[in-house]
Amino acid sequence: MSPKAAWLRQAVAFIALIGVWEACADAGYLNPLYMPAPSNVAAALFQLFAQGTIWPHLIATFSAALGGLAVGLVIGTALGATAALTPLVGELLAPVMIALNAVPRVVLAPLFVIWFGIGIGSKVALSFILVAVLIFFTVFTGIREVDRRLVERVVTLGGGRGALLREVYGPSVVAWILGNLKVAVGFAFTGAVVGEFVAATKGLGYLLSFAQSSYNAALMLALVLLIMAFVLALFGLTGWLERRLLRWRG
Amino acid sequence: MLRVDSLALAYGATPVLEGASLEVPSGRFVSLVGPSGSGKSSLLRAIIGLQKPLSGAIETDIAAGEIGMLFQDDALLPWRTAEQNVALGLRLKGVATGTAIASARQWITRLGLYGLSERFPRELSGGQRKRVALAQVLAREPQLILMDEPFASLDAIVRARVTQDLVRLVELRGISVLLVTHDLEEALALSDVVYLLSQGPRARISGRYDVPLPRPRDVMKARIHADFAPLLQRLWNDLSREVGERAA
């Protein structure tokens with residue numbers, strides 16, 4: 001089997017699955033309350049865009065997810081680098097981060113609603129905490145496990161702390177972060193949607209909650225598809241960034 | 001001139017070197033041979049400042065920036081191209097980026113890597129990477145180069161070519177070299193003086209051998225010089241005796 005034609009086989013299998021699903025729904029084998037036909041899901045999706053009702057929700061979710069992602073990347077990197085390069089800070093921060101990593105951090109969502117309200121703040125905070133802990137460990141490990149030979153190479157060439165950060169630690173950490181960026185994007189959207197699910201007035205999570213309370217499975221599946229599509233598009237973007245910036249890896 | 005006097009080194013509580021003394025006169029090629037674990041690499045690391053000695057002295061009239069080091073692994077930055085790796089050595093010496101890049105290109109060409117400037121280390125062969133590492137050190141125009149078995153991983157032909165290039169440049173520029181190697185033949189073919197380090201722990205310099213081979217030197221022809229075989233035999237016997245005594 002040619003690996004180049006893999007996408008073609010996958011597409012055919014996907015279309016076949018949708019076809020079987022549609023046929024089963026038409027034949028009445030599936031209860032539309034639980035499993036609506038693909039055509040109904042597509043119609044719900046079309047309506048969301050045709051009526052224009054989706055845009056404020058999309059903007060809310062994207063703003064929260066990307067805001068949390070950006071702040072999480074910056075703060076996670078800063079904390080991870082400081083902890084790895086300053087033993088005292090590492091000693092104080094590592095247990096806190098390990099504790100935060102040990103619990104499913106989405107349990108903090110109700111607390112963030114109390115702290116930051118039902119607006120975008122609590123969603124950004126949840127995305128941030130999910131991303132920041134991941135990036136903290138990524139950077140911390142990236143610096144701690146940097147190839148000692150490269151450090152010694154730069155030191156023997158006369159490089160000081162600045163040169164080490166610029167030439168060795170920086171590029172090494174960027175490689176680690178880019179390797180985990182897809183996971184971070186997924187975490188950021190998880191935080192935003194779960195936050196909206198808990199308490200919100202708009203956003204894809206809010207719409208999901210609405211669809212659930214009105215037993216609208218078609219709308220729910222349409223929203224899930226929408227989230228998947230946008231996250232996959234962001235994965236494509238991070239993949240492109242990874243290929244471009246990590247060209248040296250081949 | 002580099003002088004190491006009664007140097008003692010340890011890894012934690014384990015003594016490695018005890019009272020090692022040697023001298024690298026200006027413009028001379030000196031090798032240090034000895035059994036595995038005798039502390040050869042540790043001695044180089046102490047000279048370059050990567051390891052703190054327990055006691056003894058390291059004296060030199062050469063500024064720290066004028067000492068280059070070639071490691072066993074080429075240790076090139078994987079995210080930098082060959083040209084950027086060579087230029088890095090110059091930039092860290094304070095040379096402006098543009099000048100450093102221009103000089104790096106010249107050195108890359110001089111070491112037979114024409115057309116490979118833009119390649120990343122993973123795109124180069126072992127021998128090519130070694131040449132880039134060599135160019136990185138030579139571009140800085142050091143007065144002294146410390147080498148920790150830099151050619152050990154290369155196959156025989158590539159190794160012969162790279163070492164010949166090295167000898168030619170070192171002779172041309174009057175650079176002092178301290179080479180650590182397991183290979184007695186390589187040590188004699190390249191050097192003016194060879195020091196023998198005894199079996200560790202508590203290794204010490206147990207012999208010094210002047211190599212009366214002419215310069216400029218062809219590293220292959222040196223091996224068939226009349227003085228080569230007797231000297232190799234003597235060095236081999238002393239090394240065997242040293243290892244045997246410790247083992248007994």
Side-chain angles (χ1 to χ4, degrees), chain A residues 73 76-78 80-81 84-85 87 135 138-182 184 237-250, chain B residues 41 44-51 63-95 97 100 104 118-124 129 132-142 144-148 150:
Chain A
L73 281 172
T77 303
L85 296 171
I135 297 300
T138 302
V139 173
F140 187 72
T141 313
I143 291 180
R144 284 286 175 98
E145 293 190 4
V146 79
D147 190 340
R148 295 301 305 166
R149 294 170 306 173
L150 301 183
V151 172
E152 291 186 348
R153 177 89 226 128
V154 171
V155 168
T156 58
L157 288 172
R161 208 173 164 89
L164 282 174
L165 279 172
R166 204 173 50 248
E167 301 294 340
V168 182
Y169 292 120
S172 174
V173 161
V174 166
W176 279 76
I177 290 177
L178 285 173
N180 268 336
L181 198 54
K182 281 182 186 154
L237 189 69
T238 56
W240 173 82
L241 205 63
E242 203 176 326
R243 281 191 301 279
R244 202 173 159 77
L245 293 177
L246 302 183
R247 201 162 49 95
W248 54 270
R249 268 189 181 171
Chain B
S41 299
L44 286 196
R45 292 173 64 80
I47 294 171
I48 200 79
L50 294 174
Q51 195 171 337
E66 302 298 325
I67 302 177
M69 171 109 187
L70 263 180
F71 292 89
Q72 198 163 358
D73 303 295
D74 46 67
L76 298 171
L77 298 179
W79 37 80
R80 298 269 184 239
T81 61
E83 176 184 285
Q84 290 167 338
N85 265 289
V86 176
L88 174 69
L90 289 164
R91 287 199 295 114
L92 292 178
K93 209 181 170 187
V95 177
T97 305
E118 299 297 323
R119 293 210 185 165
F120 289 104
R122 68 164 182 87
E123 297 170 319
L124 300 170
R129 282 201 300 273
V132 174
L134 189 57
Q136 189 184 52
V137 171
L138 289 171
R140 289 164 59 92
E141 299 185 350
L144 169 67
I145 306 178
L146 308 173
M147 298 186 185
D148 186 5

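Below, chain A is the first sequence line, B the second, and so on; all start at residue 1.
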Participant: Any side-chain to backbone donor/acceptor pair from Arg45(B) onto Gln51(B)? Under 3.5 Å, distance only.
Facilitator: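 Checked: no pair found.
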Participant: Would you find a donor on one side and an acceptor on the other, under 3.5 Å apart, between the side chain of Glu66(B) and the backbone of Ala63(B)?
Facilitator: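 Pair absent, no side-chain N/O of Glu66(B) close to backbone of Ala63(B).
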Participant: Checking Leu90(B) against chain A: side chain, backbone, both or neither under 4.5 Å from a heavy atom?
Facilitator: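 Neither; nothing under 4.5 Å.
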Participant: Can you name the closest pair of heavy atoms from Arg153(A) and Gln136(B) and give their distance?
Facilitator: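 Nearest heavy atoms, Arg153(A) then Gln136(B): NE-OE1, 2.7 Å.
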Participant: In terms of heavy-atom proximity below 4.5 Å to chain A, should Ile67(B) be classed as side chain, backbone, both, or neither?
Facilitator: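 Interface part for Ile67(B): backbone (N, CA, C, O).
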Participant: Relative to chain A, which segment of Arg80(B) carries a heavy atom at a distance below 4.5 Å: side chain, backbone, both, or neither?
Facilitator: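 For Arg80(B), side-chain heavy atoms alone lie under 4.5 Å from chain A.
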Participant: Can you tell which part of Asp74(B) gets under 4.5 Å to a heavy atom of chain A, answering side chain, backbone, both or neither?
Facilitator: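 Asp74(B) touches chain A through backbone heavy atoms alone.
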Participant: With chain A as the partner, which of Pro78(B), Gly89(B), Pro142(B), Gly68(B) has the greatest number of non-hydrogen pairs under 4.5 Å?
Facilitator: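 Most heavy-atom pairs under 4.5 Å with chain A: Pro78(B).
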Participant: Treating Trp79(B) as the side-chain partner and Glu167(A) as the backbone partner, does any N or O pair qualify as donor plus acceptor under 3.5 Å?
Facilitator: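 Yes: the side chain of Trp79(B) pairs with the backbone of Glu167(A).
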Participant: Side chain, backbone, both or neither: which part of Val174(A) has an atom under 4.5 Å from a heavy atom of chain B?
Facilitator: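 Interface part for Val174(A): neither.
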Participant: Can you say whether Arg249(A) sits under 4.5 Å from chain B via the side chain, the backbone, both, or neither, judging by heavy atoms?
Facilitator: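 Just the backbone, heavy atoms under 4.5 Å.
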Participant: Report the option among Val155(A), Asp147(A), Val168(A) that has the most heavy-atom pairs separated by less than 4.5 Å from atoms of chain B.
Facilitator: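 The residue among Val155(A), Asp147(A), Val168(A) with the greatest pair count is Val168(A).
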Participant: Judged by atom type as modelled, is there a donor-acceptor pair below 3.5 Å linking the side chain of Arg129(B) to the main-chain atoms of Leu124(B)?
Facilitator: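 At least one qualifying donor-acceptor pair exists.
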Participant: Once you round to the nearest 0.5 Å, how far does CD of Glu242(A) lie from CG of Asn180(A)?
Facilitator: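 Reported value, rounded in 0.5 Å steps: 9.5 Å.
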